[in-house]
Amino acid sequence: MSGNHPGLSNNFSRSGEKFSWSKDNLRSIKNIISKYPKGREQSAVMPLLYLAQEQNNNWISIECIETIAETLNMPKIRVTEVASFYSMYNTRPVGENLVQICRTSPCWLRGSNKITKTICKETKCEINDTSDDNKFTVVEVECLGACSNGPMIQINNDFFEDLDEESTKKIIDNIKEGKPNVIGSQKGRRSSENA
Amino acid sequence: MSDDLINIKVNQKEIQVDKNLTVMQACEIAGEEIPRFCYHDKLSIAGNCRMCLVEIEKAPKLVSSCTMPLMEGMSIITNSEKVNAGRKGVMEFLLINHPLDCPICDQGGECDLQDQAMYYGFDKSRYKENKRAVDNKNMGPLVNTIMTRCIHCTRCVRFATEVAGVPELGMLGRGENAEITTYLEQSITSELSGNVIDLCPVGALTSKPYQFKARPWELKRTDSIDIFDSVGSNIRVDSRAEEILRVTPRTNEYINEEWISDKVRFNYDGYYQQRIDTPYIKENQKLSISNWEESLKVLKDKLKTLKPLALIGEHVDLETGYAIKKFMSNYGKDNVECRTDNHAILESLDSYRFNTPLNDIENSDLIILLGTNPKIETPIINHKIFKAYNNDAKVFNIGENISLNYKTEYLGESLSSLNNENLIKALKKSTNPLIIIGSAFLNKIKNIKTLKSIFSYADKYKVITKEKNNLNFLNPYASRVGQLIIGNTTNNLCEPFSNLKKDNFELVLSFGSEHIANEQFNNCFKVYFGHHGDDGAMGSDIVLPTPLYTEKNGTFVNIEGRPQEAKKCHNPIGSAKEEWSILKKLSDELSFDFTPNTFDQLRSELFDKYPILSDYHEIIAVENSTSITPDIEFEDCKAEYPVSNFYMSDVISKNSVTMAKCVEEIISTPSLLEKSA
């Protein structure tokens, strides 16, 4: 994968705005930390990074890292190490919709290349790029674990499965127009039952 | 057979070893050398380089010996074909992304990877794909980085976290994208940061000032002693012709282990700046170049009529100190002073030295810092306190609320905070308490009773017992303990130096002491013996050049009372003459008794007079003084720390360009002051 993938870059940047936990998140943090033994609070760094990413428009800024380090009383570099290790923590800003296209063998055999082409054409952006209107960021990822329903993509928190060029275009169009989408299989399959 | 020993076999040779060792350590005991990159015996075990593979009978695969614990009856094979093939495989992977730039690499000739590739490397690469390249990272003015050479052993990361106590280094990314960096590429803020250069097994982290200067085989090695703080770290000075090119540590488990401070490692460029290379005499308020004959003649005439006082600076060795004492005894008593900073002492050795052996500090469970900032005064001692802290010791601080790289409980600014309730409670619970009282208070104490009270306090709370003495006196000067042992001080032990009556002295001889510029000597005739031109030399009437510690032999007693030798590395700069030979010449002309004709004779006379000093590397033994005064009473004094800027604490480091860069990039950059927790 290219180094430009927002989740696989080691270069962090500042958002320029102060990052402080929302009230809801402060409550969740308390709950998360209580799951770990006393003195091992630093183990909560991964769930906290996830919360921070959710609160901070889907990316981890230096401000987020500093806030987490302060919350868990751990060195900033240790938080940075974890955030840079995992590809699902984005280290630079991404568009409103992060489109992750699965390109691992099962999806690829079922035609993920065509899906990629369609998405790039419809969103008007390249792989690892963000569209000019900041609506989409498109990335290629390895297996997301929905192999029997390939080809598939993930947009923010939702899976879209059993895709072809037509259904993919529709999904993107709906997002552009602000219309709701059917989540999951686009062929009406329930979970991964026989097609 | 003791319970702790188990029987194992290494290459069919049967040995008995401690069961708590690892396979690698057992192999070393058996005399088998195991190649390694990530393993270092002062750091935690990482097991990520895979170079130390060995075969263990009945184990299906090769195992990394540094992470493998021993078991009874284990049979280890280190020299089989399988082991060799495994190590060769690891080496091939390590070399995939390592550049072939040894000819322009500073590590060349002393590189672990280069050496081990001689045994386990292939003659040509089978790798046809693109090699990776990594951007170099900023780590400050001392450490140069060429990150493409990095093999990700993480020794530097572990050192920064575990030894230096500044968790600022880390490994970002993973797999092919893994990179070592400091947080946001800021400079490392540790006083021990230079040690990552020695730890790095490849040329990724090298010395910035030493960059492209020399090859290791061109250098002449001289064993010496760090004189820029009082710890007496063992150093190795590497020189070529008449120039010192680098300073590295020598291992001494009792003192500095394998580390030295950045000051002694990097301030050597200051040795050659602003040097006094010829005698000067003041004419019409201006120093002008003179020669030895003329300047000594003027000095001799002054010595005939005026009553002299000798001041001893922070870098003066014992032989010189003894020669000064011998010379000054011709003018009566109490006219030599090394306590130019008002350092209060009692008569016995245990009232001015660090009584706990340095490698015992880590066993303490409660440490009280009284007016001392060990981080910048003596970084090596600070590392030992950090070790104790990591072993769950509590650290209390009295004086200013200084920031250290470990958590301290601040009790207050005056000595009377020793009576703090929390502290007393903790002291009563503690099994091995330790007190370190630093110059910030020692230089301010005016009443001898306060000093005695500290002893009584220590006695009361079992800091001093029959077996041990954990009441420690810390000053940052290399010369101090030795000079006090040979009695180079006036007898008024708590009397401040600034009270010395100027009427009693008309001539001041300063041996590297900048205190000659004090106002109290304004009307005296001033003579400065030294190597660097600073305030002391500027204000003097005669300036005589003397050699630096690397340009003559000399004995120094470190803070715990351990005599050690600093050896001559090259000839003195300019026409500098050793102090004792100047004093010898003056004595001859003034017809004083000064028998030694050579340095060796001087040294043996010193050792005859003070036999305790002749036992190099052993701590001088004394009996503990206990319970000196019945009632404990502390005077109120405000702490004033002797070192405020680690990188510029003496004339030599003030003249170092490298140290100036450190001040600019590490101390003066505000973003670095906010430390990570």
Side-chain angles (χ1 to χ4, degrees), chain A residues 1-16 18-19 33 38-46 48-49 59-92 128 139-143, chain B residues 44 46 48 97 130-140 145 147-148 150 152 154 156-162 164-190 193 196 386 390 392 405-407 671-677:
Chain A
M1 252 180 252
S2 130
N4 287 328
H5 186 293
L8 283 177
S9 157
N10 294 341
N11 298 321
F12 288 76
S13 48
R14 286 189 185 274
S15 69
K18 205 169 164 271
F19 178 83
I33 291 178
K38 210 173 174 290
R40 302 279 174 202
E41 289 83 3
Q42 300 182 355
S43 307
V45 63
M46 286 190 65
L48 260 64
L49 275 165
W59 73 290
I60 303 283
S61 62
I62 291 173
E63 286 88 347
C64 297
I65 285 176
E66 284 168 358
T67 306
I68 293 169
E70 203 179 301
T71 310
L72 295 176
N73 191 21
M74 67 194 283
K76 295 171 212 162
I77 184 78
R78 294 284 100 83
V79 183
T80 321
E81 281 178 329
V82 176
S84 68
F85 187 91
Y86 294 99
S87 59
M88 284 178 174
Y89 297 126
N90 299 318
T91 62
R92 63 177 165 83
N128 291 333
V139 293
E140 277 189 321
V141 297
E142 302 303 339
C143 185
Chain B
S44 64
N48 52 9
N97 279 317
N130 286 334
K131 285 195 173 209
R132 80 183 197 135
V134 183
D135 289 341
N136 293 340
K137 306 286 185 292
N138 170 47
M139 288 199 186
T145 62
M147 296 318 280
T148 307
C150 178
H152 308 120
T154 68
C156 51
V157 178
R158 284 174 282 148
F159 173 84
T161 313
E162 295 160 15
V166 287
E168 295 169 1
L169 280 158
M171 183 159 78
L172 302 193
R174 60 175 151 147
E176 200 179 24
N177 295 324
E179 292 178 8
I180 300 285
T181 180
T182 53
Y183 181 65
L184 304 182
E185 290 198 41
Q186 291 168 342
S187 309
I188 313 175
T189 58
S190 171
S193 70
V196 297
F386 181 64
N390 284 338
D392 288 334
N405 51 349
Y406 39 85
K407 269 190 204 125
S671 70
L672 294 172
L673 294 175
E674 21 158 316
K675 271 283 190 58
S676 44

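Chain letters run A, B, ... following the sequence lines, proteins first, then strands; residues in each count from 1.
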Bottom line for A:Thr91: the part with an atom under 4.5 Å from chain B's heavy atoms is neither
Check this for me: B:Asp135, atom CG, are more than 12 non-hydrogen atoms of other residues, nucleotides or ligands nearer than 6.0 Å? no
Turns out that what part of B:Leu184 lies under 4.5 Å from chain A's heavy atoms comes down to side chain
Point to revise | B:Glu185 side chain vs B:Asn138 backbone, donor-acceptor pair below 3.5 Å | key: yes
By side-chain hydrogen bond (donor to acceptor under 3.5 Å, both in side chains), B:Thr148 pairs with (sequence neighbours left out) none
When the 4.5 angstrom heavy-atom criterion is applied to B:Thr182 and chain A, the contacting part is backbone
Does the pair B:Arg132/B:Glu179 count as a salt bridge with the N-to-O cut at 4.0 Å?
no
